Amino acid sequence: MPELAELRLTADYVNKSANGLKFVNIKKNPVHKGKDIEVPFKFFRISAESRGKELMLTLSDNDSSEKRHLLMTMGMSGHFAHTNTGGEKKHSHLMFAEKDGTTLSFVDVRRFGKWKWVDDWSPNRGPDPTTEYDAFTDNIIHNLDKAAFNHPIHTVLMNQSYFNGIGNYLRAEILYRLPHINPFASARDILRREPDIFVLCRDIPLQAYALGGGQLKDWESPFSTDPEPLRKFMRCYGNPNMSKRKDKNGRMFWYDSKWDEDALWDHYSGLPNPSAYM
DNA sequence: CGTCCACGTCTAC
DNA sequence: TAGACCTGGACGG
C-alpha cells in the first residue's frame, strides 16, 4: 500500500481538500463490493487522521456535535482526489459530494481498499511508530516472548500487530540502514539487543513522509512533489544492484547482497541460519 | 497475444 | 501457507 508515510499524506490531503466544505452525501461505485455508506446528517464536515496503515475519517454533523467514524485502508493503490462533481477520476469508489459542486473521491484501481463504521482504531493493529513512539516500543518489548517473534526480523517487520505502517518498501529501507544487522536473524534477538531498529522504524517513515511519499507505480502522491529526493531515499527497494527473495508470505524482500549466504539458509532449510542465532 | 509483477490484507483447506 | 481479491504496466514471443 501506501504505507505509513502515504497514509499520513492522504490524511493531510483530505484535511486540506475538505477544509471549510459542507458535504451532502456519499455515493459508492456499484462495481465495488464494499458497503454502501449512508450519512445521517444533512450537511457534514470531513476530517482525517492516520495511524500506521489505517485512515480514520471523522464525519461531523454541521448542525450538532454528532460525529461518525469511517475507518479505511488503502490496499495497494488507494488514494483520494478532489475534483469537480461529475469529473471524478476513473476507479473512484467512494464519492463524497459537497454542496457547491466538488467531490472528494476515494480512488483505488485494484479495489483492495476497504471501509467500515467504527468507534475506534482496529484493536489488532499496533501503535503508530511515528506518532505513538513510546507505546510502539513498549508494545514490542512487553511481548517479545510471543510466537509472533519466532521469525527472522525481515518478516516480523511486516507484522501489523507490532509494526503498524511498515510495509514492503519501508522494511527494506529500514534494514538496509542497519548494516550490522542480519535481516535473516531472529527478530527476538535483534529487538532485544539493537534499539537502533526502533528509532529507524520511526525516522525512516518520517523521512519518506517529508519527501512526499512513495510515488511508485500504483500510488500517486496527492501533492505534486519532486520525485528526485524520494528516488535518492529509496536506496534498496527496487534497486537492481540489490538482492531480492520472496519471503515466507510471498512478498519480495530486497536486501544487501552481503547477506545472500544467510538468505540461502533461510530458503533451503526452512529454518533460520543457526549462525544468525549465535 | 501471454506471463509476471506491483507500496496489502483476508479466509479457507 | 497457498490462493483470492483486482487492474494495468512491463516485457517476451
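Below, chains carry the letters A, B, ... as their sequence lines are ordered, and counting in each starts from 1. These numbers were taken from a predicted model, which means no experiment stands behind them.
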Whole-Å distance between B:dA6 P and A:Arg251 CZ? 8 Å
Spacing between A:Leu4 atom CG and B:dT9 atom P, to the nearest angstrom: 12 Å
Could you state the NZ-P distance from A:Lys246 to C:dT1, rounded to the nearest angstrom? 15 Å
Establish, from distance only, whether the side-chain atoms of A:Ser77 and A:Asp108 form a donor-acceptor pair under 3.5 Å. yes
Could you give the distance from CG (A:Leu55) to CG (A:Leu70), rounded to the nearest 0.5 Å? 9.0 Å
A:Arg111 CZ to B:dC10 C1', straight-line distance once rounded to whole Å: 17 Å
Given B:dC10, B:dT9, C:dG8, the nucleotide with the shortest approach to the side chain of A:Lys114: B:dC10
Side chain of A:Val109 only, heavy atoms from C-beta on: which candidate in B:dT9, C:dT7, B:dA6 is closest? C:dT7
Got a minute to check which stems DNA chain B is part of, using Watson-Crick or G-U wobble pairs under 3.5 Å, three or more consecutive? B:1-6 with C:7-12, B:8-12 with C:1-5
Looking only at C:dT7, B:dT9, B:dC5, the nucleotide nearest the A:Arg110 side chain is C:dT7
Within 6.0 angstrom of A:Asn249 CG, more than 12 heavy atoms from elsewhere: yes
Taking atom P in both B:dA12 and C:dC6, compute the distance separating them and give it to the nearest angstrom. 14 Å
State the CH2-NZ distance between A:Trp115 and A:Lys28, to the nearest 0.5 angstrom. 6.0 Å
Could you state the CZ-P distance from A:Phe112 to B:dT11, rounded to the nearest angstrom? 14 Å
What distance separates A:Ser50 OG from A:Arg8 CZ, expressed to the nearest 0.5 Å? 6.5 Å
Quick one: A:Gln160 CD to B:dT9 P, roughly how many Å, whole number? 4 Å
Do the side-chain N or O atoms of A:Lys248 get closer than 4.0 angstrom to the phosphate oxygens (OP1, OP2) of C:dT1? no
Quick one: is C:dG8 close enough that its OP1 or OP2 comes under 4.0 Å of any side-chain N or O from A:Lys90? yes
Say we look at B:dC4 and C:dG13: how far apart would their P atoms be, to the nearest angstrom? 13 Å
Rounded to whole Å, NE2 of A:His93 lies from C1' of C:dT7 at a distance of 9 Å
Could you go through residues 196-204 of chain A and list every donor-acceptor pair under 3.5 Å that involves a side-chain atom there, pairing it with any protein atom two or more places apart or in another chain?
none

Please report the distance, rounded to the nearest Å, between CG in A:Asp247 and P in B:dC5. 14 Å
A:Lys33 has its side chain closest, among C:dC6, B:dC10, C:dG8, to C:dC6
Step through the shown structure and confirm whether more than 12 heavy atoms of other residues, nucleotides or ligands are within 6.0 Å of NZ on A:Lys232. no
Whole-Å P distance, C:dA2 and B:dC5: 15 Å
C:dA4 versus B:dC13 - spacing of their P atoms, nearest Å: 11 Å
A:Glu173 vs A:Arg177, salt bridge (charged side-chain N to carboxylate O under 4.0 Å, His left out): CA-CA, chis, key distance, verdict: CA-CA 6 Å; A:Glu173 297 306 318; A:Arg177 286 162 175 79; 2.8 Å; yes
